Amino acid sequence: MEFFNKVGKMALGNRLRLMTTMITDDGAKIYELHGIDFIPKWFPVFY
């Protein structure tokens, strides 16, 4: 537990980055499944 108290913010940032990567990858799979040639990281630009 002491480890997380020392690196709490860094550990949280790392987990959020990994979670974002997983969600983006899943989004890419959904687009691919529906035959849409689109990269999810560009969604905010097109929105």
Side-chain angles (χ1 to χ4, degrees):
M1 191 66 149
E2 185 178 326
F3 173 76
F4 290 109
N5 290 333
K6 287 183 181 180
V7 297
K9 291 180 183 179
M10 290 188 298
L12 177 61
N14 187 43
R15 283 292 176 189
L16 289 174
R17 185 177 50 80
L18 290 172
M19 186 174 69
T20 301
T21 301
M22 290 173 60
I23 290 171
T24 303
D25 291 346
D26 287 346
K29 290 176 186 175
I30 291 170
Y31 285 124
E32 183 180 337
L33 179 68
H34 291 283
I36 301 170
D37 187 25
F38 186 72
I39 300 171
K41 72 177 186 176
W42 287 103
F43 177 78
V45 174
F46 287 102
Y47 183 72

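The first residue in the sequence is number 1, and the count goes up from there. All values reported here derive from a predicted model rather than from experimental measurement.
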More than 12 heavy atoms of other groups within 6.0 Å of Leu16 CG: yes
- prompt: Do Ile23 and Leu12 share a hydrophobic cluster (ILVMFWY, side-chain heavy atoms under 4.5 Å, transitive)?
  reply: yes
task: Give, for atom CE of Met19 and atom OG1 of Thr24, the distance between the pair rounded to the nearest 0.5 Å.
output: 10.0 Å
message: Return the CZ to CG distance between Arg17 and Asn14, rounded to the nearest 0.5 Å.
response: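 Those atoms lie 4.5 Å apart.
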- prompt: In the hydrophobic clustering (ILVMFWY, side-chain contacts below 4.5 Å, transitive), which residues join Ile30, or is it alone?
  reply: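 None; Ile30 is a cluster of one.
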Considering all heavy atoms, the nearest Pro40-Ala28 contact: CG-N, 3.4 Å
